[in-house]
Amino acid sequence: MIVASIVGARPQFIKCAAVSKEIREHFHEILIHTGQHYDYEMSKSFFNELKISQPDYNLGIGSGLQCWQIGMMMIKLEEIILDKKPDLIIVYGDANSTAAASIVAAKSNIPLAHIEAGLREFKKNIPEEINKLITDILSDFYFCPTETAVSNLKNMGIEKNVFKVGDVTLDIIYNNLKRIEENKSVLKKYNLEEKDYYFMTCHRASNTNNIEHLKQILSVLKDIDGQIIFPLHPRTSKAIKQNGLEKILNIGNLIVTSPTGYFETQTLIKHAKMVLTDSGGVIKEAYFYKTPTIILDMQTEWVETVSEGWSYIAGPNRERILNRIRNFKIPDFHSNCLGDGKASEKIVKILIKEL
Ligand code: UD1
Ligand code: UDP
């Protein structure tokens, strides 16, 4: 049987690294890269570090307006899908590549499996929320990371072929935990001390397209007592340059880098004193490592991390962020509810049975 896996953005390469390995033991996989992300540090570096097979196709779509990007992806994907006629299409998460591939699967009458199904932020002005809704309406198999995701689907009337398997990105962490924990050379490289620095990322459209939000977030940096490492997403570096905000980053205790590699990032999150982020992936990884997290966004789909007290929604609000950095109460309880490292194995077992 032929399975076509369609990816395009950084977090999708990471999720695919876990699942593709299992898929290839039982199916013939065609890997399609839409080209949504294309810089070495946003794409190839993950294929290299995580030993993901080279894509069979790279559509080279690149950046652009949302509908243009989705439309261009659909046009090129449809040609390949009609030619190769896979028995199943697998999509990940909630990027534009996910929505494009889901529409093509449905229009071509090919069964669709959504990995990371059922997550919601409940605001239709969030680009990813639209992608999540489209994909969950069109899917045939729903692989949910959490109980909340299962109940979100139930609330939409979706109960058939819904499987709670846990989060696939944790599979890679479990398999590499020793390397991630013990690779102290990463801390040495940046001159950081364990549990004595902050790790920050920021890239969501609501923070980078809104100069006031971006200013509020960046203005926090000079008031943080301690070292901060801030790998910049290309979207964020562009927003900083376009709005002339480079000066805010001229601070002695701040290390600004280009996007960091997978293993380096994991070690930096694991050993940080605290994480500041609007990245869904980073929120759940920090939760796994029990690193307290300030969310630079108004909501998260990883609500369990908030209800257990490991992360706090501050939004793009300088006072709320600083206040929580100074008064973060580390919880005693951690349910490790996001996964057991076996999500990919479970997904493939279910697919073998169902197909
Ligand atoms: C996308 C996803 C988001 C995910 C993020 C992961 C959508 C709607 N959003 O957001 O859910 O969290 O990926 O990182 O799909 N750029 C480069 N080089 C690259 C890639 C992007 O310079 O390799 C710049 C371009 O100026 C581009 C901008 O970043 O316009 C945004 O890229 P895009 O893929 O549209 O959205 P992300 O913000 O990366
Ligand atoms: N990540 C990385 N280098 C970075 C920033 C993030 O390797 O400089 C990893 C991070 O650890 C997580 C994933 O990329 O595994 C999250 O991707 P991103 O923040 O781009 O997207 P999101 O998860 O918000 O969709």
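One is the number of the first residue; the rest follow in order along the sequence. Ligands are counted one by one from 1 in listed order, and the atoms in each one are counted from 1 as well. What's counted below: heavy atoms across the whole structure, side chains too, no hydrogens, waters or symmetry copies.
Shortest contact from atom 24 (O) of ligand 2 to any protein heavy atom: Gly280 N, 3.0 Å. When only non-hydrogen protein atoms are considered, atom 30 (O) of ligand 1 lies nearest to Ser63 CB, 3.4 Å. Atom 6 (C) of ligand 1 has as its closest protein heavy atom Pro11 CD, 3.4 Å. Counting protein heavy atoms only, atom 14 (O) of ligand 1 is closest to His233 NE2, 3.1 Å. Nearest non-hydrogen protein atom to atom 19 (O) of ligand 2 is Ser279 OG, 2.7 Å. Remark: minimum distance from atom 6 (C) of ligand 2 to any protein heavy atom is reached at Arg10 CZ, 3.6 Å. If you check which protein heavy atom lies closest to atom 8 (C) of ligand 1, you get Asn96 OD1, 3.3 Å. Taking atom 1 (N) of ligand 2 as the reference point, the nearest protein heavy-atom neighbour is Thr265 CG2, 3.8 Å. Taking atom 4 (C) of ligand 1 as the reference point, the nearest protein heavy-atom neighbour is His203 NE2, 3.7 Å. Distance from atom 24 (C) of ligand 1 to its nearest protein heavy atom, with residue and atom name: Lys238 NZ, 3.7 Å. Of the protein's non-hydrogen atoms, Gln36 NE2, 3.9 Å is the one closest to atom 33 (P) of ligand 1. For atom 3 (C) of ligand 1, the nearest non-hydrogen atom of the protein is Glu128 OE2, 3.1 Å. For atom 25 (O) of ligand 2, the nearest protein heavy atom (residue, atom name, distance) is Pro11 CG, 3.5 Å.
For ligand 1, the atoms sitting less than 4.0 Å from at least one non-hydrogen atom of Asp94 are 11 (O), numbered in the order shown with element in parentheses. Short contacts between ligand 2 and Pro259, defined as distances under 4.0 Å to a heavy atom of the residue, involve ligand atoms 8 (O). Counting the atoms of ligand 1 from 1 in the order shown, those under 4.0 Å from a heavy atom of Met42 are 23 (O). Ligand-side atoms of ligand 1 in range of Ala95: 7 (C), 15 (O), range being under 4.0 angstrom from any heavy atom.
Between the side chains of Gln266 and Tyr289, at least one donor N or O lies within less than 3.5 Å of an accepting N or O. Judged by distance alone, the side chains of Glu285 and Thr169 never bring a donor and an acceptor atom under 3.5 Å apart. Using modelled atom types and a 3.5 Å distance limit, the side chains of Asn323 and Asn327 yield a donor-acceptor pair. For Ser335 and Glu304, the side-chain atoms include no donor-acceptor pair closer than 3.5 Å. A side-chain donor from one of Tyr190 and Glu264 sits under 3.5 Å from a side-chain acceptor of the other. In summary, the side chains of Thr201 and Thr277 do present a donor paired with an acceptor at a separation below 3.5 Å, with no hydrogens or angles considered. Looking at Ser97 and Gln36, their side chains do bring a donor and an acceptor atom within 3.5 Å of each other.
The shortest N or O to N or O distance between Tyr38 and ligand 1 is under 3.5 Å. The distance criterion of under 3.5 Å between nitrogen or oxygen atoms is not met by Asp94 with respect to ligand 2. Inclusion of Gly281 in the set of residues having an N or O under 3.5 Å from an N or O of ligand 2 is warranted. The distance criterion of under 3.5 Å between nitrogen or oxygen atoms is not met by Ser97 with respect to ligand 1.
Closest to atom 13 (O) of ligand 1 by heavy atom, among Gln12, His37, Arg235, is His37. When Met200, His203, Lys15, Glu285 are checked for heavy-atom proximity to atom 15 (O) of ligand 2, Glu285 turns out nearest. Here the shortest heavy-atom distance to atom 9 (C) of ligand 2, taken over Ile14, Thr260, Ile172, belongs to Ile14.
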As a quick check of understanding, evaluate side-chain hydrogen bond (donor to acceptor under 3.5 Å, both in side chains) for Tyr198 and Asp225, giving each step before the final call. CA-CA 10 Å; Tyr198 297 81; Asp225 193 13; over 6 Å; no

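Around NZ of Lys21, the count of heavy atoms belonging to other residues, nucleotides or ligands within 6.0 Å does not exceed 12.
Counting only residues at least two apart or in different chains, ring-ring contact (aromatic ring centres under 6.0 Å, His included) contacts with residues 158-177 comprise Phe143-Phe163, Tyr174-Phe288.
Atoms OG and CD1, on Ser5 and Ile32 in that order, are 8.5 Å from each other to the nearest 0.5 Å. The distance from atom OH of Tyr38 to atom OG of Ser43, rounded to the nearest 0.5 Å, is 11.0 Å.
Within the structure, the closest approach of Glu128 to ligand 2 does not fall below 4.0 Å when heavy atoms are considered.
Relative ring orientation between Tyr262 and Phe46 is described as perpendicular, the plane-to-plane angle rising above 60° on a 0-90° scale split at 30° and 60°. Ring geometry for Tyr287 versus His334: interplanar angle under 30°, hence parallel rather than tilted (30 to 60°).
Contacts between Arg204 and ligand 1 below 4.0 angstrom, taking non-hydrogen atoms only, are absent altogether.
Of the candidates Asn96, Thr98, Asp136, Asn131 forms a side chain to side chain donor-acceptor pair (under 3.5 Å) with just one, namely Asn96.
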